[in-house]
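Order of appearance sets the numbers: ligands from 1, and atoms from 1 within every ligand. In what follows, residues are counted from 1 in the order of the sequence shown.
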Amino acid sequence: MEQRRYSIAVLGGTGPQGTGLALRLAAAGHDLTIGSREAERARAVAAELTARVGKTIQGSDNRSAAQGGEIVFLTVPYAVQRGTVEGVLDVLHGKILVDTTVPLIPPKVGTVQLPRGQSAVAAIQQLAGSAVRVVSAFQNVSAQHLNELDHPVNCDVLVCGDDRPACDSVIGLCADIGLRGFYAGPIANSAAAEALTSVLITINRRYKIAGAGIRITGLLKP
Ligand SMILES: NC(=O)c1ccc[n+]([C@@H]2O[C@H](COP(=O)([O-])OP(=O)(O)OC[C@H]3O[C@@H](n4cnc5c(N)ncnc54)[C@H](OP(=O)(O)O)[C@@H]3O)[C@@H](O)[C@H]2O)c1
């Protein structure tokens with residue numbers, strides 16, 4: 001089946017997770033715009049990424065990026081996740097918002113600290129309501145590996161959301177960048193993916209791994 005080409009915005013796309021996803025998605029043929037609080041910073045980083053991937057990546061302020069994207073990724077720290085979404089909520093209606101947020105609370109980032117025992121991404125679905133198709137994904141994929149374009153990323157992706165077709169679209173994006181995405185349940189299940197990241201951080205530290213990931217086993221067809 002022919003791959004659909006999307007206009008994709010990455011809010012907070014100047015950080016490592018955003019740049020890694022933007023690079024991989026652009027390399028797969030999608031049209032990327034990275035967003036920042038400062039349009040100038042976004043343009044500067046976008047120029048660097050363009051040089052690396054050999055395909056134009058645009059840069060703009062977060063709001064303009066969200067406005068132009070058919071699919072919008074959110075890659076900002078947990079502390080500013082809600083505020084960033086609130087600032088663009090009116091332009092997200094009808095769109096897929098792929099939230100990669102992990103509710104890490106420094107300094108104990110190796111310890112699970114879910115907000116009131118719940119999920120950071122589910123809270124965004126509650127904030128946005130049904131008008132925004134929130135999908136939780138990529139919490140367990142290391143930015144370091146995403147940014148190293150010379151090798152495939154050795155990790156599976158847990159994809160959670162209440163809107164199944166939206167989850168399927170994100171699973172398709174995973175496939176476009178060489179990853180296996182797995183539907184992992186409703187948005188409430190994002191809590192498990194978010195919590196797992198602190199487990200992986202602990203494993204990274206204990207075993208001196210650059211970016212541990214997860215694999216789903218037992219599939220009849222790999
Ligand atoms: N790093 C990883 O390996 C990894 C893996 C899985 C999931 N994640 C998740 O992905 C998200 C981004 O991770 P990251 O490591 O790329 O984060 P980061 O570098 O700390 O921040 C990403 C971007 O967010 C923006 N930002 C930072 N502070 C802000 C503030 N006070 N207000 C508004 N925007 C702010 C910045 O963009 P501007 O200054 O340009 O606005 C920054 O470049 C996090 O939620 C993280 O949990 C990360």
Roughly how far apart are [X] [atom1] and [Y] [atom2], rounded to 0.5 Å?
X    : Y    : atom1 : atom2 : answer
S7   : Q58  : OG    : CD    : 10.0 Å
L74  : L92  : CG    : CG    : 9.0 Å
S190 : L158 : OG    : CG    : 9.5 Å

What protein heavy atom sits nearest [atom], and how far off is it?
atom                    : result
atom 46 (C) of ligand 1 : V102 N, 4.2 Å
atom 45 (O) of ligand 1 : V76 O, 2.6 Å
atom 37 (O) of ligand 1 : T14 OG1, 3.0 Å
atom 1 (N) of ligand 1  : A143 CB, 3.5 Å
atom 23 (C) of ligand 1 : G12 O, 3.4 Å
atom 22 (C) of ligand 1 : T75 O, 3.4 Å
atom 20 (O) of ligand 1 : P77 CG, 3.5 Å
atom 19 (O) of ligand 1 : P16 CD, 3.2 Å

Polar contact flag for [X] and ligand 1 (N/O pairs, less than 3.5 Å):
X    : answer
F138 : no
L104 : no
N62  : no
Q17  : yes
R41  : yes
R37  : yes

Is the closest heavy atom of E38 to ligand 1 under 4.0 Å? no
For ligand 1, is there an atom lying under 4.0 Å from some heavy atom of V141? yes
Look at the aromatic rings of F138 and F73 and report parallel, tilted or perpendicular, splitting at 30° and 60°. tilted
Applying the side-chain hydrogen bond (donor to acceptor under 3.5 Å, both in side chains) criterion to N140, which one of T100, D156, T197 satisfies it? T197
Given the options T75, N147, T14, T19 meets side-chain hydrogen bond (donor to acceptor under 3.5 Å, both in side chains) only with N147
Sub-4.0 Å atoms of ligand 1 with respect to non-hydrogen atoms of T101: 45 (O)
Heavy-atom contacts with G15 under 4.0 Å: which atoms of ligand 1 show up? List them by number with element. 16 (O), 19 (O), 22 (C), 43 (O)
Taking K108's backbone N and O only, do any of them form a donor-acceptor pair with Q113's side chain (distance below 3.5 Å, no angle check)? yes
Under 3.5 Å donor-acceptor, H145 side chain and G211 backbone: yes
Taking non-hydrogen atoms only, is Q139 closer than 4.0 angstrom to ligand 1 via side chain, backbone, both or neither? backbone
L23 side chain near L146 side chain, heavy-atom distance below 4.5 Å: no
Quick check: are there more than 12 heavy atoms from other residues, nucleotides or ligands sitting under 6.0 Å from CZ of R215? yes
Determine whether more than 12 heavy atoms belonging to other residues, nucleotides or ligands lie under 6.0 Å from atom CD of E86. yes
Does the pair D90/R63 count as a salt bridge with the N-to-O cut at 4.0 Å? yes
